[in-house]
Amino acid sequence: MAVQERELPANEVLLEVKDLRTQFFTEQGVVKAVDGVSFTIKKGKVLGIVGESGCGKSITALSIMRLLPEPRGKIVSGTITFYPPEGGSVDITRLDRHSAEMRRIRGRHIAMIFQEPMTSLNPVHTIGDQIIEAIQLHQDVDKETARKRAIEVLNQVDIPHPERRINEYPHQMSGGQRQRAMIAMALSCYPSILIADEPTTALDVTIQAKILRNMRDLQRQYGMAIMLITHDLGVIGQMADEVLVMYVGRKVEQADVRELFLNPLHPYTQGLFRSIPLIGLKGKKLVPIAGSVPSPYNLPPGCYFAPRCPRAMDICRQEAPAEYEVEPGHFVSCWLYK
Ligand SMILES: Nc1ncnc2c1ncn2[C@@H]1O[C@H](COP(=O)(O)OP(=O)(O)OP(=O)(O)O)[C@@H](O)[C@H]1O
Ligand SMILES: [Mg+2]
């Protein structure tokens, strides 16, 4: 089906996150969920974010969307600069999260697929009504046009008989169909950036592969940028152009996907590769990373990975490493590469 391509800004960088710090203020203390993370999202590219559970992937995404449970969780410093298609730039951290400007960015320009589909689907409205509402909220079109567009996007994410399914409620769909309906809703406004938080984790592998292929096709068709969050390096290998590896709220490594797979530098990244089955490594023994992620209330001094790191040195337990560019575009925060 032909898709009308939306004008994207000439500027390659659509979003620039600089030294972002997001914290939760709880009874037990402060959780540094995101602790000084920087990266850019570029037009037409897929940025993969990978790391174990609790390392701050979702909170990075929710900070960009300004959907944190404020004031308990909030951005304490850093900037998130968005470059809208109409030109100029806006620092998302400075906007009132309920403002018209933030609402316009959310949905119209930056759409998010949540880890849990029911977070964004309303059980008491039909799938169709929800997509139509999203379209009409952000685009000046009549209901009939919005309905046609809703059917078109449901078709694009492979929902069979979309003209019938559009009248169904979320509970009438299977988990995989709900997930796809949510992807359709996110895509319905031609966002320049799609943030996908574990979009396929809950699905069986055949459906997962199909949805990922779909997303990649649509991404190429629209020239959209994707920030893809997953703990699955296989998904990263299949989808991403560039990868950011996070550990306890910090970025530990960043590189082009090929470079990262051929030459992982951080002992944490190397551990992730040894702990998962990857094609081509069949028969090789899988070794889980020893130890566990430290409690956010009781973080070790120095590098947070040092207590689990097979190559830790004295300095690693005392001081956090700086970020080193080992090859052009390949960054690692580890004392081994000083
Ligand atoms: N509402 C909250 N209140 C307090 N702490 C929170 C809250 N939400 C998240 N956190 C903490 O922030 C840190 C980062 O959480 P986040 O949800 O970003 O992890 P994640 O990388 O997305 O993990 P997963 O792979 O399990 O989804 C964790 O230490 C988590 O406990
Ligand atoms: Mg998460």
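In what follows, every heavy atom counts, from backbone to side chain, and hydrogens, waters and symmetry copies are set aside. Order of appearance sets the numbers: ligands from 1, and atoms from 1 within every ligand.
- Protein heavy atom in closest approach to atom 11 (C) of ligand 1: V31 CG1, 4.0 Å.
- The protein atom (non-hydrogen) at minimum distance from atom 26 (O) of ligand 1 is S53 OG, 2.6 Å.
- For the pair R149 and Y190, the cation-pi test (distance below 6.0 Å, angle within 45°) is passed.
- Judged by the 6.0 Å and 45° rule, K338 forms no cation-pi pair with Y324.
- For atom 12 (O) of ligand 1, the nearest non-hydrogen atom of the protein is A33 CB, 3.3 Å.
- The side-chain heavy atoms of Y304 and P296, taken from C-beta on, include no pair separated by under 4.5 Å.
- The nearest N, O or S atom of S53 is not closer to the Mg ion (ligand 2) than 2.8 Å.
- At a threshold of 4.0 Å, the pair R216-D241 counts as salt-bridged, since one of the basic side-chain nitrogens sits closer than that to a carboxylate oxygen.
- With a heavy-atom cut-off of 4.0 Å, R72 touches ligand 1 through its side chain alone.
- Between H171 and Y169, the angle of the ring planes stays under 30°, which puts this pair in the parallel group of the 30/60° scheme.
- For atom 16 (P) of ligand 1, the candidate residues are I49, T22, I59, D197; the nearest heavy-atom contact is made by I59.
- With hydrogens left out, the protein atom closest to atom 27 (O) of ligand 1 is Q115 NE2, 2.9 Å, a heavy atom.
- Remark: ligand 1 and G56 share an N or O pair separated by less than 3.5 Å (distance only, no angle test).
- Protein heavy atom closest to atom 17 (O) of ligand 1, with residue, atom name and distance, is S58 CB, 3.7 Å.
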Exercise for review: I would like to know whether S58 and D197 meet side-chain hydrogen bond (donor to acceptor under 3.5 Å, both in side chains); could you show each step before the answer?
Suggested key: CA-CA 7 Å; S58 294; D197 190 357; 2.6 Å; yes
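- For atom 10 (N) of ligand 1, the closest non-hydrogen atom of the protein is F24 CE1, 3.6 Å.
- Ion pairing between a basic and an acidic side chain is recognised when a charged N comes within 4.0 Å of a carboxylate O; E86 and R108 show no such pairing.
- Aromatic ring orientation, Y247 versus F305: perpendicular (interplanar angle above 60°, classes split at 30° and 60°).
- Within the structure, ligand 1 lacks M246 among the residues with a heavy atom less than 4.0 angstrom away.
- The shortest N or O to N or O distance between P69 and ligand 1 is not below 3.5 Å.
- Counting only heavy atoms of the protein, atom 25 (O) of ligand 1 lies nearest to K57 NZ, 2.8 Å.
- Looking only at heavy atoms of the protein, atom 23 (O) of ligand 1 is closest to G54 N, 2.8 Å.
- Contact check for T60 versus V17: no side-chain heavy atoms found under the 4.5 Å cut-off.
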